[in-house]
Amino acid sequence: MEWISSLFVSQSVAQSVIVLASVIAFGLIFSRIKIANISFGITWVLFAGILFSHFGIEVDSVVLHFVKEFGLILFIYSIGLQVGPGFFSSLKKGGLRLNMLALMVVVTGVLIALVIHFVSDTPMPAIVGVLSGAVTNTPGLGAAQQTFMDMNGYLDPSLALGYAVAYPLGVVGIIMSILFVRFVFRIKMSEEKLKIQNSVVNDPNETMKFSVLIDNPAIDGKLISQVKKLVDKDFVISRVSDGNKVKIVGANSILHKGYSVLVITNASNKESVVAFLGKEVAREDAFWAIPDLNVLPRRILVTKASVNGKTLSQLKLGKAFGITVTRINRAGVDLLARPDASLQIGDRLIVVGTKESVDAAADLLGNSMHRLLEPNLTSIFIGIAIGIAVGSVPLFIPGIPQPVKLGLAGGPLIVAILISRFGPRMGLVTYTTTSANLMLREVGISLFLACVGLGAGGNFVETIVEGPGLRWIAYGVIITMVPLMLVGFIARKRFKMDYMTIMGLLAGSTTDPPALAYAGACAGNDQPAVSYATVYPLTMFLRVLSAQLLILLF
């Protein structure tokens, strides 16, 4: 039996792997445990690492440091790939108010942490750890640890200890803050759901289709391509009816007064397009059905690298194959098929044409589900390498004694956001399936948390029982709840937001999946998830950045 003991105690490659694997396995098993229907999820891996370390099971420090940093890089980079496509769009008008409220949550929490630091004389590394745990933001912890290591050449254990003691009540505190808003405003869920059902909130970017009767003599006898030049709006005419027959149309099809057309455009363009063409009429989907079985609508997957980054006008699908592209579905969102729309790997084109023409277009675009399932490792590792290089660039800021670096957390995060958004324009295939991204992310965070727990566990019990652990827990509760209750009150009182949206906002501003799961269960719809996704990208970026700045400046 000595060989079993040495396998866990004697430091070696085998010992390091089996300890890390055991810590992660135990943590994931415990992650299924729910207390009052609340789960701490992947964070159980951290607690499992602390438990192993408390009983003297350790891993070589060099191996531990490497695995921790590599896990952090995988985790951060996969998050950047996930949020990148929606990062810039979330800053536009539609989500500006939600993002400003999320920004208020982040800034208020940082200010409270600074006040506690100066009033209580608690070291800044411990405060940053408490702050990261209080808002359940693991990337912030990783960024702070890496920045502290770059500055000092060693790692302060209080960062991980502060995170560990504050995290449990951080999860509970976020949900309690959501309940606080409901209690203060005496919100009844049934009434909130009814308001959402009865309210018509038009998203100006929503893609919609409707029928129009041509009643403008100025466009009688003109080609569709000529008509589109007369209107300063983007729209697609996919079908036309002369009263007797429905036909698929293209840019060279002729319109006449009295024709009915099926139009696809954004909601913000609808009024102008209808006013120019004629008047909107009610037409059932059956009206636009085409008896010719050779003509059909179909979804085509973009899977060929040669198409990645090219626009519809460059591909000339209509002229080359005689098909009409009506919509582009990207990550579940319908986009208008504008001529200047750039295609990306993973896009789904909704096209209409004959079977032969659609098949030919599908061959050009790829339409291979198997190819989408293949991981694009080249762009992933190129991005990671560039991210580490960017994170290592010294930035000299007046007033700071030493150069600032984005580090192993900030560099890969920024590069992943940029490369996932703009990579296709440079011919890079950045598409990854949801399952592949989730696997990469979960492996990275599991390795990171296991190493953090193994590195901090030796002093965990002493920190709580004999040290400042209880004070840190109290600080964490304040940092968690005060900003959320304040912003939740403002969102409801000042901006009259519905409670479903507020729940998603508060969960997203702390990047907390358990809170989102709770909000979704309460709401019974996807409204909390929509607001969560709107604020998540900016919040994640700010959490990582603020953790680094606190270490650098204080």
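Bear in mind that the values here come from a model prediction, so they are computed numbers and not experimental data.
Residues Glu442 and Leu28 are not in side-chain contact: their nearest non-hydrogen atoms beyond the backbone lie 4.5 Å or more apart. For the pair Ile414/Val390, no side-chain contact is recorded, criterion being any heavy-atom separation below 4.5 Å from C-beta on. Under the 4.5 Å side-chain criterion, counting only non-hydrogen atoms from C-beta, Val135 is not in contact with Val105. Between Leu449 and Trp44, every side-chain heavy-atom pair lies at or beyond the 4.5 Å cut-off.
A side-chain donor-acceptor contact under 3.5 Å links Thr510 to the backbone of Ala507. Judged by distance alone, the side chain of Thr480 and the main-chain N or O of Ala134 form a donor-acceptor pair under 3.5 Å. Checking side-chain atoms of Thr147 against main-chain N and O of Leu549 turns up no donor-acceptor pair under 3.5 Å. In this structure, Ser546 contributes its side chain and Arg543 its backbone to a donor-acceptor pair below 3.5 Å. In this structure a side-chain-to-backbone donor-acceptor pair under 3.5 Å is missing from Arg283 to Ser211.
For the atom pair Leu312 CG and Ile328 CD1, the distance stands at 4.5 Å (nearest 0.5 Å). Atom CD1 of Ile127 is separated from atom CG of Leu550 by 9.5 Å, given to the nearest 0.5 angstrom. Rounding to the nearest 0.5 Å gives a distance of 9.0 Å between OG1 of Thr539 and CG of Asn137. Taking CD1 from Ile479 and CD1 from Ile116, the interatomic distance works out to 4.0 Å, rounded to the nearest 0.5 Å. To the nearest 0.5 Å, atoms NZ (Lys68) and CD (Gln145) are separated by 4.0 Å. The line from CZ of Phe554 to CE of Met124 is 6.0 Å long, rounded to the nearest 0.5 Å.
For Phe70, the CZ atom is loosely surrounded, since the number of other residues' heavy atoms within 6.0 Å does not exceed 12. The environment of Met439 atom CE is sparse: at most 12 non-hydrogen atoms of other residues, nucleotides or ligands sit within 6.0 angstrom.
In this structure, Ser132 and Gly140 approach most closely via the heavy-atom pair OG-C, 3.7 Å. Across Ile187 and Val181, no two heavy atoms sit closer than the pair CD1-O, 4.0 Å. Across every non-hydrogen atom of Tyr77 and Gly383, the tightest pair is OH-CA, 3.1 Å. A pairwise comparison of heavy atoms in Gly387 and Val415 identifies CA-CG2, 3.5 Å as the closest pair. Taking every heavy atom of both residues into account, Leu72 and Ala143 meet most closely at CD2-N, 4.4 Å. Between Tyr475 and Ser120, the closest heavy-atom pair is OH-CB, 3.3 Å.
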Legend entry - Residue pair Arg182, Met503: steps toward the side-chain contact (heavy atoms from CB on, under 4.5 Å) verdict: CA-CA 10 Å; Arg182 181 176 177 180; Met503 287 195 293; over 6 Å; no

Legend entry - side-chain contact (heavy atoms from CB on, under 4.5 Å) between Phe148 and Val128, intermediate numbers included: CA-CA 11 Å; Phe148 189 92; Val128 174; over 6 Å; no

Inset, instruction - In sequence, state the C-alpha distance, the side-chain angles, and the governing distance for Leu365 and Leu301, and then conclude on side-chain contact (heavy atoms from CB on, under 4.5 Å). - result: CA-CA 7 Å; Leu365 297 173; Leu301 280 171; over 6 Å; no

Legend entry - Derivation of the side-chain contact (heavy atoms from CB on, under 4.5 Å) call for Leu179 and Phe183: CA-CA 6 Å; Leu179 291 173; Phe183 174 77; over 6 Å; no

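The side chain to side chain contact (heavy atoms under 4.5 Å, CB included) search around Lys233 returns Val231, Asn269, Ser272, Val273, not counting sequence neighbours. In this view, Lys310 and Gln314, Leu315 satisfy the side chain to side chain contact (heavy atoms under 4.5 Å, CB included) rule, not counting sequence neighbours. Under the rule for a salt bridge (charged side-chain N to carboxylate O under 4.0 Å, His left out), Lys228 has no partner lying at least two apart in sequence or in another chain. Every residue two or more places apart in sequence or in another chain was checked for a ring pair (Phe, Tyr, Trp, His ring centres under 6.0 Å) with Phe235, and none qualifies. Every residue two or more places apart in sequence or in another chain that forms a side chain to side chain contact (heavy atoms under 4.5 Å, CB included) with Ala166 is listed here: Val130. For Tyr163, the ring pair (Phe, Tyr, Trp, His ring centres under 6.0 Å) criterion is met by Tyr167, not counting sequence neighbours. Judged as a salt bridge (charged side-chain N to carboxylate O under 4.0 Å, His left out), and not counting sequence neighbours, the contacts of Glu280 are Lys270. Residues passing the ring pair (Phe, Tyr, Trp, His ring centres under 6.0 Å) test with Phe489, sequence neighbours excluded: Phe185. In this view, Phe276 satisfies the ring pair (Phe, Tyr, Trp, His ring centres under 6.0 Å) rule with no residue, not counting sequence neighbours. Judged as a side-chain hydrogen bond (donor to acceptor under 3.5 Å, both in side chains), and not counting sequence neighbours, Ser379 has no contacts.
A side-chain contact (heavy atoms from CB on, under 4.5 Å) with Met104 is found for one member of Thr108, Val106, Val107 and no other, namely Thr108.
Legend: salt bridge (charged side-chain N to carboxylate O under 4.0 Å, His left out) pairs involving residues 474-497, not counting sequence neighbours, sorted by first then second residue: Glu192-Arg492.
No side-chain N or O of Thr122 forms a donor-acceptor pair with one of Trp472 less than 3.5 Å apart.
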Donor-acceptor pairs under 3.5 Å, side chain of residues 481-488 to any protein atom, not counting sequence neighbours: which ones?
none

